[in-house]
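Here is the structure we will look at, set down as structure tokens.
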There are 2 protein chains.
Amino acid sequence: MAQPTLDAFQVIGDPSRRKMLRLLSKDSLTINSLAENFDMSRPAVSKHIKILYTAGFISIQDIGRERYCTLKQDGFNELQEWISYFDKFWISKLKKLETLLNNKLSK
Amino acid sequence: MAQPTLDAFQVIGDPSRRKMLRLLSKDSLTINSLAENFDMSRPAVSKHIKILYTAGFISIQDIGRERYCTLKQDGFNELQEWISYFDKFWISKLKKLETLLNNKLSK
DNA sequence: AGTATATGTAACTTTTGGATTACGCAAATA
DNA sequence: TATTTGCGTAATCCAAAAGTTACATATACT
């Protein structure tokens with residue numbers, strides 16, 4: 001499905017993949033047990049998993065013929081940084097507004 | 001370009017739109033002044049702006065024939081909540097690991 | 001050994017998103 | 001008033017993503 005590695009933002013752009021991450025936040029799951037939660041075919045799920053794995057959102061542990069998927073923090077880091085940049089933006093904007101107001105009031 | 005309203009995650013999935021948000025974090029800009037920063041045609045930029053607007057990432061103020069785009073917090077909220085959910089996940093995971101370790105050591 | 005299960009991969013189709021060009025319109029300007 | 005400027009929209013194209021079916025493989029089970 002995806003040879004050209006998607007960046008973290010594109011990866012979570014897909015609702016199914018976000019749902020998978022949610023499910024995995026409750027429990028480590030095999031590909032099949034994950035697939036039970038979706039309408040799509042098993043290979044489709046398999047491809048999403050590969051994308052999540054490649055982008056560092058999950059790790060995979062092979063146990064016999066099963067593959068257990070577990071959340072991994074790496075993929076989330078880029079997103080956190082991005083969000084935190086704008087967090088800071090809003091905070092400093094509030095501060096500016098605040099000091100502006102204080103100046104007005106003190107005059 | 002996009003009748004089916006994209007959700008916040010899909011909106012920031014596009015690198016150009018992320019770049020637009022970055023630019024707007026420095027300054028409010030008109031469509032044209034924004035477009036100068038991109039290789040694509042002006043209408044293409046215009047469509048991205050519409051998407052950002054619809055998803056609540058920016059507000060638009062019409063001044064004469066110009067349209068000033070300004071960052072708006074709404075669109076970011078959904079993303080923050082999503083990220084913070086997983087933040088909590090990692091934190092609690094660390095805690096569990098910690099107590100587990102403490103138990104082992106104290107035995 | 002033979003069968004069932006868990007999964008990956010390849011080939012292909014469909015859908016959708018992003019980009020372009022061509023055009024229209026309102027506001028500013030000459 | 002005629003022209004230029006700043007923008008939106010419609011029609012269309014193209015590429016990429018997501019899905020499906022068919023098949024291959026390794027492990028587990030009987």
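Because the structure is predicted, anything quoted here is derived from the model rather than measured. A note on names: the letters A, B, ... follow the listed sequences, proteins ahead of strands, and every chain is numbered from 1.
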Inset, instruction - Check whether any side-chain heavy atom of A/I49 sits under 4.5 Å from a side-chain heavy atom of A/I60, and report yes or no. - result: yes
Legend entry - Euclidean distance, atom CG of residue A/D62 to atom P of D/dT27 [Å, nearest integer]: 10 Å
Legend entry - Of A/Q10 and A/M40, the one whose closest DNA chain D nucleotide lies more 5': A/Q10
Inset, instruction - Any pair with a residue in residues 54-64 of chain B that passes salt bridge (charged side-chain N to carboxylate O under 4.0 Å, His left out), sequence neighbours left out, goes on the list, sorted by first then second residue, please. - result: B/D62-B/R67
Inset, instruction - Taking only heavy atoms on the protein side, list every residue of residues 52-60 of chain A lying under 4.0 Å from any atom of DNA chain C, sorted numerically. - result: none
Legend entry - For A/N77, side-chain hydrogen bond (donor to acceptor under 3.5 Å, both in side chains) partners two or more places apart: A/Q80
Inset, instruction - Measure from the side-chain N and O atoms of B/S46 to the backbone N and O of B/R42, and report whether any donor-acceptor pair falls under 3.5 Å. - result: no
Legend entry - Atom-pair distance (CG on A/L6; C1' on C/dG18), nearest Å: 15 Å
Identify each atom pair where a protein N or O and an N or O of nucleotides 10-14 of chain C are less than 3.5 Å apart, giving names and distance.
{"residue": "C/dA11", "atom": "N6", "partner": "A/K47", "partner atom": "NZ", "Å": "3.3"}

Inset, instruction - Tell me who clusters with B/L97, hydrophobic residues only, linked when side chains sit under 4.5 Å apart either directly or through other members. - result: none
Inset, instruction - Could you tell me whether the side chain of B/L21 reaches within less than 4.5 Å of the side chain of A/Y85, counting heavy atoms only? - result: no
Inset, instruction - Establish whether the base of D/dG19 is bridged to the side chain of A/R42 by a donor-acceptor pair shorter than 3.5 Å. - result: no
Dump the pairs, protein N or O against N or O of nucleotides 28-30 of chain C, anything under 3.5 Å, distances to one decimal.
none

Legend entry - Remaining members of hydrophobic cluster (4.5 Å side-chain criterion), B/I63: B/Y68
Inset, instruction - Please list, chain by chain and in numerical order, all residues satisfying ring-ring contact (aromatic ring centres under 6.0 Å, His included) with B/F9, sequence neighbours excluded. - result: B/W82
Inset, instruction - Spell out, as yes or no, whether a donor-acceptor pair under 3.5 Å connects the side chain of B/R18 to the backbone of B/I12. - result: yes
Inset, instruction - Supply the atom-to-atom distance A/S16 OG to A/L34 CG, rounded to the nearest 0.5 angstrom. - result: 11.0 Å
Legend entry - Separation of D/dT5 C1' from B/R67 CZ (nearest whole Å): 15 Å
Legend entry - Phosphate OP1/OP2 of C/dT9 contacted by A/K50 side-chain N/O (<4.0 Å): yes
Inset, instruction - Please check the phosphate of D/dA17 (OP1 and OP2 only) for any side-chain N or O of A/H48 closer than 4.0 Å. - result: no
Legend entry - Under 4.0 angstrom between B/S46 side-chain N/O and D/dC7 OP1 or OP2: no
Legend entry - Whether B/D27 side chain and B/L29 backbone form a donor-acceptor pair below 3.5 Å: no
Inset, instruction - Name all residues meeting the side-chain hydrogen bond (donor to acceptor under 3.5 Å, both in side chains) criterion together with A/N37; count only those two or more places apart in sequence or in a different chain, and write none if there are none. - result: none
Legend entry - Whole-Å distance separating the CD atom of B/E66 from the P atom of D/dC7: 6 Å
Legend entry - Residue pairs, two or more places apart or on separate chains, that pass salt bridge (charged side-chain N to carboxylate O under 4.0 Å, His left out) and touch residues 80-92 of chain B: none
Inset, instruction - Just jot down the side-chain hydrogen bond (donor to acceptor under 3.5 Å, both in side chains) partners of A/S59, sequence neighbours excluded, or say none. - result: none
Legend entry - Under 4.0 angstrom between A/S41 side-chain N/O and D/dT20 OP1 or OP2: yes
Inset, instruction - Calculate the interatomic distance between A/R17 atom CZ and D/dG19 atom C1'; express it in whole Å. - result: 12 Å
Legend entry - Neighbours of DNA chain C within residues 28-38 of chain A, by heavy-atom distance under 4.0 Å: A/T30, A/I31, A/N32
